[in-house]
There are 2 protein chains.
Amino acid sequence: MTPEEFRVHGKQVVDWIADYLGSIEKHPVRSRVEPGAIRAALPAHPPERGEPFENVLADLGDVLLPGITHWQHPGFFAYFPANSSGPGILGDLLSSGLGVQGMLWATSPACTELETVVVDWLAELLGLPERFRTTGSGGGVIQGSASEASLVALLAALERAGGDRQECAVYVSSQTHSSLERAARIAGVPVRSVRVDQDSLAMDAGHLAELVADDVAAGLVPAMACATTGTTSTTAVDPVRKIGEVCARHGVWLHVDAAYAGVSAVCPELRWINDGVAEYADSYATNPHKWLLTNFDCGVLWIADSAPMVAALSTLPEYLRNSATSSGEVVDYRDWQIPLGRRFKALKLWSVIRWYGAEGLRGHIRTGVRHAAEFATLAEADPGFEVRAHRPFGLVCFRPLWAGRSEVEHNALTLELMERINASGAMYLSHTKVGDSVVLRMAFGSPATESRHVLSAWRRVREEYERMGSAGN
Amino acid sequence: MTPEEFRVHGKQVVDWIADYLGSIEKHPVRSRVEPGAIRAALPAHPPERGEPFENVLADLGDVLLPGITHWQHPGFFAYFPANSSGPGILGDLLSSGLGVQGMLWATSPACTELETVVVDWLAELLGLPERFRTTGSGGGVIQGSASEASLVALLAALERAGGDRQECAVYVSSQTHSSLERAARIAGVPVRSVRVDQDSLAMDAGHLAELVADDVAAGLVPAMACATTGTTSTTAVDPVRKIGEVCARHGVWLHVDAAYAGVSAVCPELRWINDGVAEYADSYATNPHKWLLTNFDCGVLWIADSAPMVAALSTLPEYLRNSATSSGEVVDYRDWQIPLGRRFKALKLWSVIRWYGAEGLRGHIRTGVRHAAEFATLAEADPGFEVRAHRPFGLVCFRPLWAGRSEVEHNALTLELMERINASGAMYLSHTKVGDSVVLRMAFGSPATESRHVLSAWRRVREEYERMGSAGN
């Protein structure tokens with residue numbers, strides 16, 4: 001494809017996306033296709049001859065769109081909603097267009113240096129401590145996702161701890177993201193499950209202290225604890241300061257997983273989530289793709305001391321040797337991540353921060369918090385529903401009440417209600433469990449969502465609930 | 001940014017990229033900036049207020065471009081060149097624009113099903129065995145890079161092997177990609193280094209058999225061997241069939257790393273690289289971003305039996321449970337990769353295969369092979385140069401001859417010649433070591449390179465060599 005053909009087809013694609021975003025509400029939020037339907041509609045064999053680009057766009061609309069669940073739909077409240085934005089998409093496009101590979105500083109210096117600037121900007125915006133800035137012994141790096149950040153942090157922690165991995169231990173709770181358990185399995189390290197408070201679901205720092213003391217007494221090495229600010233399930237907030245005190249006493253690496261809620265610290269009124277981070281955290285991760293207007297993927301990991309991470313991940317085959325690396329004056333981000341190669345990742349976050357400014361980012365977080373409050377107010381006022389009190393961010397956990405039913409029946413009815421709502425196509429929400437109870441999750445923070453969508457979402461929930469009630473459920 | 005603002009700025013970005021690609025030859029290939037220069041030219045603090053998107057584009061041109069090494073320049077011959085293409089860039093843009101997250105089949109069925117189709121298409125194009133198709137017990141998945149593919153394959157192999165990781169072993173050679181060593185360090189598994197033939201640099205299957213037998217005798221578990229077709233350093237090709245025979249005898253998982261050369265099997269005349277894959281390989285990886293017109297990142301991993309991989313990587317928190325997953329009828333690609341979340345990755349490769357067709361992809365590989373032959377012919381005809389005979393793909397390894405010099409002096413002069421050529425800005429090549437000798441690497445296969453660039457690259461090499469000679473070197 002020549003540059004001039006790219007110019008033509010590129011503008012067709014931009015128009016396609018602008019049209020899609022402008023009319024996204026006409027689609028059902030959740031795809032209605034059956035397993036195998038999309039595959040069956042596609043050719044079983046690749047084309048022998050090239051085709052016009054228009055064919056790709058035609059099939060995208062005709063064949064693929066019915067199989068798409070529209071994460072940018074204003075009625076998407078499941079999981080944590082996509083935080084795509086125009087400048088994010090365009091930053092990604094610039095990265096694809098430039099096509100540079102930033103594994104080493106030397107392979108495109110601007111790729112590395114813009115990233116050091118942008119992660120420092122974000123650290124400043126979030127009020128993260130000075131020792132996470134790239135000007136000192138640590139710094140930040142853009143990962144794909146928090147899963148990768150967790151794994152990198154764990155490998156650094158294990159490097160610092162030394163010794164046999166089977167004799168190390170990692171401390172998480174039942175509410176910690178599954179990526180921590182996965183990282184521990186990948187690294188082959190045993191996991192200890194710390195109790196949580198049954199009400200707040202926050203990690204019990206006292207129990208952590210007991211487990212760590214037991215392991216030390218048994219001659220084991222407590223390598224890392226993960227504290228979460230804003231769990232995926234219910235946005236529970238672990239007591240980072242108390243956990244940090246335990247970690248500090250025993251030289252345990254403290255990783256703070258703030259994948260979802262961390263970015264909310266752009267707002268001074270939410271900066272309390274950083275309490276204890278400055279004093280105790282060895283590493284900290286948050287995902288602008290979860291709530292800061294940056295399309296997937298964009299997760300940032302900061303580390304107070306990069307040395308153990310680099311020691312864990314560095315390899316230097318002859319063909320990558322170069323004078324800049326040898327000088328020790330530059331960062332080579334290949335040693336800060338699982339893969340070797342990397343895109344020009346910083347362009348996306350740079351475009352987002354410049355387009356919105358700190359002011360715009362704060363406005364976005366506050367809108368999500370406000371929408372959650374609006375929805376919670378409506379649900380709390382309704383005797384048919386119970387709302388979890390914990391709601392510092394954009395997520396509301398609630399459940400319908402089914403009088404005279406057992407817990408098991410209750411849960412089944414709640415899931416049925418969810419399924420009916422999701423099948424309507426008007427909105428999409430998800431569920432989790434708190435103790436033995438299924439609760440529904442409404443995650444606000446999609447850039448397209450307005451108050452009117454919050455209100456109509458509530459009405460839809462209420463309607464389906466009434467319908468199930470009048471049908472004798 | 002509204003859809004209409006996106007339409008305007010999107011077209012500005014498309015124009016910017018088309019202009020950049022159309023005039024890329026005016027830039028020096030390798031950036032000339034000093035460490036810290038780009039960072040110093042950027043604001044130390046993020047903006048409080050949002051800025052017009054035009055500011056981003058202006059700074060991209062004025063501040064960042066001097067710090068870019070232009071991987072798409074027709075004079076880029078270092079590492080393996082970028083294989084960006086218009087349809088690849090646009091497929092990525094569509095993925096960003098749709099903004100779906102395909103961790104589960106249920107979170108966007110088309111995202112998963114198109115991927116199963118596209119990896120099957122590619123398997124067919126490359127002549128890979130039926131058991132790698134997604135219709136059976138195995139299948140393919142798009143990873144970011146071969147590093148991630150290696151790690152996933154290793155985790156599957158360890159799962160199948162069972163037992164303590166410290167008592168397992170992984171077999172590589174000195175020529176295996178560094179990502180295998182890194183994967184083994186991540187997983188905490190000891191690595192054995194198999195000897196290579198000093199001339200071909202191919203793995204010595206006889207020595208592998210000895211090492212495996214020794215480990216078995218010592219009560220250890222030989223878990224995985226990695227055979228490489230087309231090493232990064234010199235495109236050496238390991239004897240997959242012989243290695244596979246050893247693996248089959250001892251139940252060792254055979255991973256074939258064909259990151260660079262694997263895609264060349266679109267051409268029937270290069271399909272010999274698959275010899276032994278159908279009978280012996282448990283997993284196989286190749287990167288369309290290395291030589292198949294697909295911009296970074298796009299690596300494909302196929303696996304003959306997905307069960308041990310899924311067992312190694314699967315976690316299922318309540319909030320991800322859904323009826324499609326429970327039915328067992330669908331693939332959830334989150335269990336096939338290190339991260340949990342994933343973009344709509346298949347759109348990029350789908351766009352590329354449709355735009356070029358099998359015919360166009362073969363033409364691209366053949367052009368790279370032809371350019372390598374053209375350059376080698378010129379260098380071979382020159383008594384001042386020595387060319388490595390092994391040259392089945394797009395890479396030429398060669399070295400200038402410096403009469404009467406020791407090996408150490410010889411290597412220093414060769415590196416100086418490389419540095420002078422790279423500093424010229426007209427082209428960019430890299431180096432490696434074969435035994436104790438530094439050799440230069442010219443990697444052809446950039447879509448922008450034409451025969452005239454090959455010729456002028458040779459002239460530049462020749463000129464600098466003469467200049468160094470006449471300066472008394």
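Atoms considered below: every heavy atom in the structure, side chains included; atoms not considered: hydrogens, waters and symmetry mates. Labels below follow one simple rule: chain letters A, B, ... track the order of the sequence lines, proteins then strands, and each chain is numbered from 1. This structure is a prediction, so every number in the text was calculated from the model and none was measured.
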Taking the side chain as C-beta and beyond, is there a heavy-atom pair between B:Tyr20 and A:Pro3 under 4.5 Å?
no
So which part of A:Phe53 gets closer than 4.5 Å to some heavy atom of chain B, the side chain, the backbone, both or neither?
both
dist B:Phe296:CZ -> A:Met103:CE (nearest 0.5 Å) comes out at 9.0 Å
Heavy-atom pair with the smallest gap, counting every atom of A:Leu340 and B:Arg182:
N-NH1, 4.4 Å
Interface moiety of B:Glu34 toward chain A, non-hydrogen atoms closer than 4.5 Å
backbone
Pick one of side chain, backbone, both or neither for B:Leu122, based on which atoms fall under 4.5 Å of a heavy atom in chain A.
neither
Segment of A:Pro317 engaging chain B (4.5 angstrom heavy-atom cut-off)
side chain
Supply the atom-to-atom distance A:Arg7 CZ to B:Leu21 CG, rounded to the nearest 0.5 angstrom.
9.5 Å
Sub-4.5 Å side-chain heavy-atom contact between A:Glu148 and B:Pro339
yes
Could you tell me which portion of B:Asn55 (side chain, backbone, both or neither) has an atom closer than 4.5 angstrom to a non-hydrogen atom of chain A?
both
Examine whether an atom of B:Trp105 lies under 4.5 Å from a heavy atom of chain A, and if so say whether it belongs to the side chain, the backbone or both; otherwise answer neither.
side chain
Honestly, the part of A:Leu60 sitting under 4.5 Å from a heavy atom of chain B is both
Side chain to side chain contact (heavy atoms under 4.5 Å, CB included) assessment of B:Ile38 paired with A:Thr112:
CA-CA 9 Å; B:Ile38 300 293; A:Thr112 295; over 6 Å; no
For the atom pair OG (A:Ser179) and CD1 (B:Ile338), what is the distance rounded to the nearest 0.5 Å?
11.5 Å
Mind listing the closest non-hydrogen atom pair of B:Leu320 and A:Tyr79 along with its distance?
CD2-CE2, 3.9 Å
Between the side chains of B:Thr134 and A:Arg39, does any donor sit under 3.5 Å from an acceptor?
yes
Separation between CG of A:Leu158 and CD1 of B:Ile186, rounded to the nearest 0.5 Å:
11.5 Å
For a quick test of reading the model, state the closest non-hydrogen atom pair linking B:Ile68 to A:Ala110 and the distance between them.
CD1-CB, 4.1 Å
Out of A:Gly188, A:Ala41, A:Ala78, A:Ala187, which one racks up the most heavy-atom pairs below 4.5 Å with chain B?
A:Ala187
Evaluate the side-chain proximity of B:Thr69 to A:Val100: yes if any heavy-atom separation is below 4.5 Å, no if none is.
no
Less than 4.5 Å to any heavy atom of chain A: does that hold for the side chain of B:Ser31, its backbone, both, or neither?
side chain
Cut-off 4.5 Å, heavy atoms of chain A, and the answer for B:Arg49 is both
In Å and rounded to the nearest 0.5 Å, what is the NE2 to CZ distance from B:His431 to A:Arg321?
7.5 Å
At a heavy-atom separation under 4.5 Å, does A:Leu347 approach chain B through its side chain, its backbone, both, or neither?
side chain
A:Ala44 portion near chain B, given a 4.5 angstrom heavy-atom threshold:
backbone
Are any non-hydrogen side-chain atoms of A:Asp59 and B:Arg354 less than 4.5 angstrom apart?
yes
Just by distance, do the side chain of B:Trp71 and the backbone of A:Ser108 share a donor-acceptor pair under 3.5 Å?
no
Heavy-atom proximity to chain A below 4.5 Å, by part of B:Tyr356
both
Taking every heavy atom of A:Val14 against every heavy atom of B:Phe6, the minimum-distance pair comes out as O-CE2, 3.8 Å
Do the non-hydrogen side-chain atoms of B:Leu98 and A:Leu64 ever get within less than 4.5 Å of each other?
no
Using heavy-atom distances under 4.5 Å, tell me whether B:Leu42 contacts chain A through its side chain, its backbone, both, or neither.
side chain
Closest heavy-atom contact between B:Gly99 and A:Ser84?
CA-OG, 4.0 Å
Using a 3.5 Å distance criterion without hydrogens, assess whether the side chain of B:Arg185 forms a donor-acceptor pair with backbone atoms of A:Ala312.
yes
Go through the atoms of B:Glu124 and report whether side chain, backbone, both or neither lie under 4.5 Å from a heavy atom of chain A.
side chain
State whether the side chain of B:Glu48 and the backbone N or O of A:Gly357 hold a donor-acceptor pair below 3.5 Å, judged by distance alone.
no
Contact origin within A:Glu51 toward chain B - heavy atom pairs under 4.5 Å
both
Interchain contact, B:Leu415 with chain A, by part (heavy-atom threshold 4.5 Å):
neither
Against chain A, label B:Gln101 side chain, backbone, both or neither, depending on which of its atoms sit under 4.5 Å from a heavy atom there.
both
Please flag which part of B:Ser147 lies under 4.5 Å from any non-hydrogen atom of chain A: side chain, backbone, both or neither.
side chain
Of all heavy-atom pairs linking B:Gly97 and A:Gln72, the shortest is O-NE2, 2.6 Å
Just give me the residue among A:Asp297, A:Thr232, A:Leu151 that pairs up with chain B most often, heavy atom to heavy atom, under 4.5 Å.
A:Thr232
Relative to chain A, which segment of B:Leu313 carries a heavy atom at a distance below 4.5 Å: side chain, backbone, both, or neither?
both
Portion of A:Pro43 that has a non-hydrogen atom of chain B nearer than 4.5 angstrom
both
Spatial distance of atom CH2 (B:Trp121) from atom NE2 (A:His45) [nearest 0.5 Å]
10.5 Å
One option among B:Ser174, B:Ser96, B:Gly10 has the most heavy-atom pairs under 4.5 Å with chain A, and it is B:Ser96
Could I get the full list of side-chain hydrogen bond (donor to acceptor under 3.5 Å, both in side chains) partners for A:Arg441, not counting sequence neighbours?
A:Ser430
Can you tell if the side chain of B:Val63 reaches within under 4.5 Å of the side chain of A:Leu114, non-hydrogen atoms only?
no
How about A:Asp92 and B:Asp92: do any of their side-chain heavy atoms sit closer than 4.5 Å?
no
Determine whether A:Leu90 and B:Trp16 make a side-chain contact, defined as any pair of heavy atoms from C-beta on separated by less than 4.5 Å.
no
Answer with side chain, backbone, both or neither: which region of A:Val330 has an atom nearer than 4.5 Å to a non-hydrogen atom of chain B?
side chain
Structural part of B:Ala106 lying under 4.5 Å from a heavy atom of chain A:
backbone
Is chain B contacted by the side chain of A:Ser85, its backbone, both, or neither, given a heavy-atom distance below 4.5 Å?
neither
Could you check whether any side-chain N or O of B:Trp350 sits under 3.5 Å from a backbone N or O of A:Val56, counting only pairs where one atom can act as donor and the other as acceptor?
no
Under a 4.5 Å heavy-atom cut-off, does chain B meet the side chain of A:Ala37, its backbone, both or neither?
backbone
Does B:Glu4 use its side chain to pair, donor to acceptor, with the backbone of A:Gly22 at less than 3.5 Å?
no
Answer with side chain, backbone, both or neither: which region of A:Ser145 has an atom nearer than 4.5 Å to a non-hydrogen atom of chain B?
side chain
Interface moiety of A:Asp19 toward chain B, non-hydrogen atoms closer than 4.5 Å:
both
